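Right, one structure below, let's go through it.
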Amino acid sequence: MDKKTAALTLVERLSFVFGKKSFNVVSNTYYQKKLMEESIACYQIGISTELSRDYLSSYYKDNICQKAEPGSNYLFIDLSSGATDKLAVSSFAMIGKEEVSLLRSMLYKDVPRGMVLAMESLGIKNYLQLYRHYSDGSMEKLLREYVFYSKLKDSLAGFFYANDYRNKKFEEYFGEKTEKVTKMLKDMSLNNIFDEDYVSKRRVNDAVLGIEKSSVFEDTVLLVPEFVDFVFKLPQKDLNLEMNKKILALFQDRIDYPSILAQEYTSGSNFQEYFSCLSEDNKAETARHLSNVAKQRNLILDSFLWHEGFKEINLDYMSLYREDAKNFIRYYSSKSLEERKTIIKDLLGSDFVNEEVISWLNENEQVLVREVGLNG
């Protein structure tokens, strides 16, 4: 497939899936030039047309998009000719960084052959192979290899003033014993980097180059960081929960875990499973992050965090229980069955006793109190 056909095919697909969200109107000439220079495919559709400058006084994207040629996803407006009352408007089909990211996020499984060929024609790496490893649970090896590669490459900065380090110092920097590093190198068919009591910069560099020359590096290993961020945005039906937990356990210091957990807190269903994968320090960081960003509180998850020892999570209903029995009862009565169970559990674990609330619960929620108490 030639590149122009490939670009038009992919632009059409983006338009079909994302609609107006995939269309861009750009009037800044510097940004227009930058987009074109950084794109991997850019073709003008039709010829430039003129638009009355007065049209922009009532500018709306929906209106101006009607001036675009079919098959385009960018409309460039030339504002540079200030002396005339006419503006040049040009339509383009363009695949740049933003489009590549969108294509990867939508073409990761059950992809029509034409779409695969179009991406290959433009040199766009896709998530198909990575998603297969992810969905069948065989991705852990790739994750470990990427972490290992990253540590090796990062360690080269430590050799800035020296060509070798004692093994013990390298172990402290790398975070693994020399025996484990040697085994990983052997498993990846790479030469050892240690020479008796020293690790050599030259050998570390050779190992990094060896990984980068491997047949799967560009198609899989290089895409791992972007992919592991992507999988936490997958719809529930395509998500592999156990694999995501492994990613968090291995990658938590290389991804934006506070934002991932915040998203699960507000609109997901895997918060507790993900939270359990974090280190103690990162759990504390997540709790602090949620205290600042989550305006709409999740009662059940706040209770979970409270019982995990993160007392900075403000359980407002407990304050209400201590200070205002009538409003607490009104609040409690508005909640779902599972939320009422959570509240009762917290009350049973509290040292404070509000006689008015307890009396009301014994009269109106006796069965639920007994059930929660027995399940403790």
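These figures come from a predicted structure and were not determined experimentally.
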In terms of hydrophobic clustering (I, L, V, M, F, W, Y; side-chain heavy atoms under 4.5 Å; direct or indirect links), are Ile124 and Val221 co-clustered?
no
If we ignore hydrogens and angles and just use 3.5 Å, is the side chain of Ser72 paired with the main-chain N or O of Ser91 as donor and acceptor?
no
Minimal heavy-atom distance between Asp195 and Arg203, with the atoms involved, is CB-NH1, 3.8 Å
Could you tell me which residues satisfy ring-ring contact (aromatic ring centres under 6.0 Å, His included) with Tyr332, sequence neighbours excluded, listed by chain and number?
Trp360
Sidechain-backbone polar pair: Ser121 side chain, Met1 backbone, donor-acceptor under 3.5 Å
yes
Can you tell me if Gln32 uses its side chain to pair, donor with acceptor, with the backbone of Val26 under 3.5 Å?
yes
Would Glu363 and Ser359 count as a side chain to side chain donor-acceptor pair (under 3.5 Å) if you check the C-alpha gap in whole Å, the side-chain angles of each, and the deciding distance to 0.1 Å?
CA-CA 6 Å; Glu363 182 177 347; Ser359 176; 5.1 Å; no
Salt bridge or not between Arg132 and Asp136? Use side-chain N to carboxylate O under 4.0 Å.
no
Identify whether the distance between the nearest side-chain nitrogen and carboxylate oxygen of Glu37 and Lys34 falls below 4.0 Å.
no
Which heavy atom in Ser22 sits nearest to a heavy atom in Leu14, and how many Å separate them?
OG-O, 3.6 Å
Value rounded to 0.5 Å, distance of CG in Leu10 from CG in Leu107:
7.5 Å
Going by atom types only, do Thr342 and Glu338 share a side-chain donor-acceptor pair under 3.5 Å?
no
Would you sort out whether Leu152 and Phe174 count as a side chain to side chain contact (heavy atoms under 4.5 Å, CB included), showing the intermediate values?
CA-CA 8 Å; Leu152 273 181; Phe174 199 83; 4.0 Å; yes
Atom of Val11, atom of Ala93 and distance for their closest heavy-atom approach:
CG2-CB, 4.1 Å
Dump the intermediate steps for salt bridge (charged side-chain N to carboxylate O under 4.0 Å, His left out) on Glu285 and Arg288, then the final yes or no.
CA-CA 5 Å; Glu285 175 62 26; Arg288 286 193 295 271; 3.0 Å; yes
What's the shortest heavy-atom distance between Gln236 and Ser269, and which atoms?
OE1-OG, 3.7 Å
Looking at side-chain heavy atoms only, is the closest gap between Asn270 and Leu239 below 4.5 Å?
yes
What residues, two or more places apart in sequence or in another chain, satisfy ring-ring contact (aromatic ring centres under 6.0 Å, His included) together with Phe194?
Phe170
Do the side chains of Ser90 and Tyr74 get nearer than 4.5 Å, heavy atoms only?
no
Tell me, with the steps shown, if Phe217 and Tyr149 meet ring pair (Phe, Tyr, Trp, His ring centres under 6.0 Å).
CA-CA 10 Å; Phe217 183 78; Tyr149 161 74; 5.2 Å; yes
From the list Glu226, Glu98, Glu99, salt bridge (Lys or Arg N to Asp or Glu O under 4.0 Å) partner of Arg104 resolves to Glu226
From Ser276 OG over to Glu308 CD, what is the distance, rounded to the nearest 0.5 angstrom?
8.5 Å
Test log, rule side chain to side chain contact (heavy atoms under 4.5 Å, CB included), inputs Tyr108 and Phe227:
CA-CA 10 Å; Tyr108 58 89; Phe227 181 76; 5.7 Å; no
The test is side chain to side chain contact (heavy atoms under 4.5 Å, CB included); show your working for Phe92 and Leu35 and say whether it passes.
CA-CA 11 Å; Phe92 289 87; Leu35 285 170; over 6 Å; no
Could you tell me whether the side chain of Ser291 and the main chain of Ala287 form a donor-acceptor pair under 3.5 Å?
yes
Heavy atoms of Ile193 and Val181 approach each other most closely as CD1-CG1, 4.0 Å
Checking salt bridge (charged side-chain N to carboxylate O under 4.0 Å, His left out) for the pair Lys246/Glu242: CA distance, chi angles, key distance, verdict?
CA-CA 6 Å; Lys246 288 180 180 178; Glu242 291 306 310; over 6 Å; no
Sidechain-backbone polar pair: Asn167 side chain, Glu196 backbone, donor-acceptor under 3.5 Å:
yes
Tell me, do Leu347 and Met318 make a side-chain contact under 4.5 Å, heavy atoms counted?
yes
Is it the case that the side chain of Tyr265 and the backbone of Asn298 share a donor-acceptor pair, with hydrogens and angles ignored and the cut-off at 3.5 Å?
yes
Do the charged groups of Lys141 and Glu145 touch, with an N to O distance under 4.0 Å?
yes
Leu209 atom CG: more than 12 heavy-atom contacts under 6.0 Å
yes
Heavy atoms from other residues, nucleotides or ligands near CG of Asn191 exceed 12 (cutoff 6.0 Å):
no
What do you reckon, is NZ of Lys168 surrounded by more than 12 foreign heavy atoms closer than 6.0 Å?
no
Are any of the side-chain heavy atoms of Ile95 and Val100 separated by less than 4.5 Å?
yes
Is there a side-chain contact between Lys341 and Glu371 (heavy atoms, below 4.5 Å)?
yes
Say you draw a straight line from OG1 of Thr29 to CG of Asp78; how long is it, rounded to the nearest 0.5 Å?
7.0 Å
Can you tell if the side chain of Tyr134 reaches within under 4.5 Å of the side chain of Leu234, non-hydrogen atoms only?
yes
Heavy atoms only: give me the nearest Met139-Leu130 pair and the separation to one decimal.
CE-CD2, 4.0 Å
Atom CD1 in Ile211, atom OG in Ser150: separation rounded to 0.5 Å?
9.0 Å
How many angstroms lie between atom CD of Glu264 and atom CG of Leu290, to the nearest 0.5 angstrom?
11.5 Å
Main-chain N/O of Leu320 paired to Asp324 side chain as donor or acceptor, under 3.5 Å
no
Please determine whether residues Ile255 and Leu143 belong to a single hydrophobic cluster, defined as Ile, Leu, Val, Met, Phe, Trp and Tyr linked transitively by side-chain heavy-atom distances below 4.5 Å.
yes
Does some side-chain heavy atom of Asn354 sit less than 4.5 Å from a side-chain heavy atom of Arg322?
no
Under a plain distance cut-off of 3.5 Å, with no hydrogens placed, do Asn327 and Arg330 share a side-chain donor-acceptor pair?
yes
Is it true that, when you exclude Glu12 itself, more than 12 heavy atoms of the residues, nucleotides or ligands shown sit nearer than 6.0 Å to its CD?
no
Taking ring-ring contact (aromatic ring centres under 6.0 Å, His included) as the definition, give me every residue that meets it alongside Phe275, ordered by chain and number, with sequence neighbours left out.
Phe271, Phe304, Phe310
Decide whether Asp281 and Ser279 meet the rule of one side-chain donor and one side-chain acceptor closer than 3.5 Å.
no
Please lay out, stage by stage, how Leu361 and Arg340 fare under the test side chain to side chain contact (heavy atoms under 4.5 Å, CB included).
CA-CA 11 Å; Leu361 288 172; Arg340 296 204 308 274; over 6 Å; no
Side chains of Asp238 and Tyr131: does their closest heavy-atom pair fall under 4.5 Å?
yes
Once rounded to the nearest 0.5 Å, what's the spacing between atom CD of Glu179 and atom CE of Met184?
15.0 Å
Give a yes or no on this: more than 12 heavy atoms of other residues, nucleotides or ligands lie within 6.0 Å of atom OH of Tyr30.
no
In terms of heavy-atom contacts, does NZ of Lys335 have more than 12 from other residues, nucleotides or ligands at under 6.0 Å?
yes
